[in-house]
Amino acid sequence: MKRIGLLILITLSISLNTIAQNPIIKHIYTADPTARVYDGKLYIYPSHDVPWNPEWEKLGAEKESNGHVMTDYHAFSTEDLVNFTDLGVIVAQENVPWGNKLGYGMWAPCIASKGGKYYYYFPNKPADKSGFRQIGLATAEKPEGPFTIEPNYIEGLKGIDPNAFIDDDGQAYMYWGGGKGNSLKVVKLSDDMKSIVGETVVIENLPQEYKEGPFVFKRKGMYYLTFPHNLDTQNSTEEIGYAISKHPLGPFEYKGTIMDRFEDCWTNHQSIVEYKDQWYMFYHHNDISKAGNLRSVSVDSLFFEEDGSIRKVIPTLR
Ligand code: FUB
């Protein structure tokens, strides 16, 4: 018994000691992290929050009421979850052929790898400013790029918060969506990852409130759909919930909360990944800036119960 206790203590202290102090990226503001493991390294692909520049208004840019401002994306890599390397800008709004160059609102991106190639999906306003956001694609031969942006956005993927998931059989799925009364959706992606195929499925049976930021992973044959949600986009903050299914297209069964609401940061946005035999949840908070739109990526260990349910993650903030 004593030995088991000692073992648990050692395991706990190892997993606690091997994560950097949160937030893990401090030199720029980052949010909406997609974490992936490629070739033994852990990569993070977040949004890049910047302050609004009043000079842009003279050029014709319109500040959005929600205040999220983003002009490009960086990527990061680590081998030890202590030292993170900024790999620089991988996609910039000024280079998006189909995009509104004065939109300054490149929200949550995601990435997936198939057949040795890397597919980076990102939302942006179209050049004619029609609609809310479209989702575009940039491709690369390596996880750090260089990325080549496709000439057009992907037809049929209007919205935000793309999450590409590739199943064990190679079939890719795109989950996306965000907004009040705007459900999360899923659709299959074509073999070349550049278009959608088949019918879009609206994911039902989730709490009837604002939802965004879907992130799907698979563990022991079960598909876990995780997502931030809140009751009132003006007054409350987001908790991170999850639902499970035996099929990537659902139906999903809502299971509960992974991370509670923050009192002082309106959004949260997660990804969950296994790295070196430990599961982690990446998320964001505004603990450096204290401002809702200048956020910082954090990470904490995540644990599963015997029955496959997810133990609540208590954020270790700054
Ligand atoms: O970062 C901008 C938006 O805020 C994202 O698209 C949402 O998921 C929320 O984090």
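All ligand and atom numbering here is 1-based and tracks the order in the structure. Fair warning: this is a prediction, and the values are worked out from it, not measured in the lab.
Less than 6.0 angstrom separates the ring centroid of Y118 from the ring centroid of Y38. Proximity of the aromatic rings of F215 and Y175 is defined here by a centroid distance below 6.0 angstrom, and this criterion is not met.
Within ligand 1, counting atoms from 1 as listed, the ones closer than 4.0 Å to a heavy atom of M70 are 1 (O), 2 (C).
Applying the salt bridge (charged side-chain N to carboxylate O under 4.0 Å, His left out) criterion to D260, with sequence neighbours excluded, gives K312.
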Check: residues 22-29 side-chain donor-acceptor pairs under 3.5 Å, at least two apart:
| residue | atom | partner | partner atom | Å |
| --- | --- | --- | --- | --- |
| N22 | OD1 | V299 | N | 2.9 |
| N22 | ND2 | V299 | O | 2.9 |
| N22 | ND2 | T316 | O | 2.9 |
| N22 | ND2 | T316 | OG1 | 3.0 |
| K26 | NZ | Q21 | O | 3.3 |
| K26 | NZ | P23 | O | 2.7 |
| H27 | NE2 | D86 | OD2 | 2.8 |

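Distances between N or O atoms of D161 and those of ligand 1 include at least one value under 3.5 Å. Considering backbone and side-chain N/O of W107, none are found under 3.5 Å from N/O of ligand 1. For a threshold of 3.5 Å applied to N or O pairs, the pair formed by N268 and ligand 1 contains no separation below that value.
In A31, neither the side chain nor the backbone holds a heavy atom less than 4.0 Å from any atom of ligand 1.
In this structure, the protein non-hydrogen atom closest to atom 4 (O) of ligand 1 is R295 NH1, 3.3 Å. Atom 1 (O) of ligand 1 has D32 OD2, 2.5 Å as its closest protein atom, hydrogens excluded (heavy atom only).
Between the NZ atom of K142 and the OG atom of S113 there is a distance of 14.0 Å, given to the nearest 0.5 Å.
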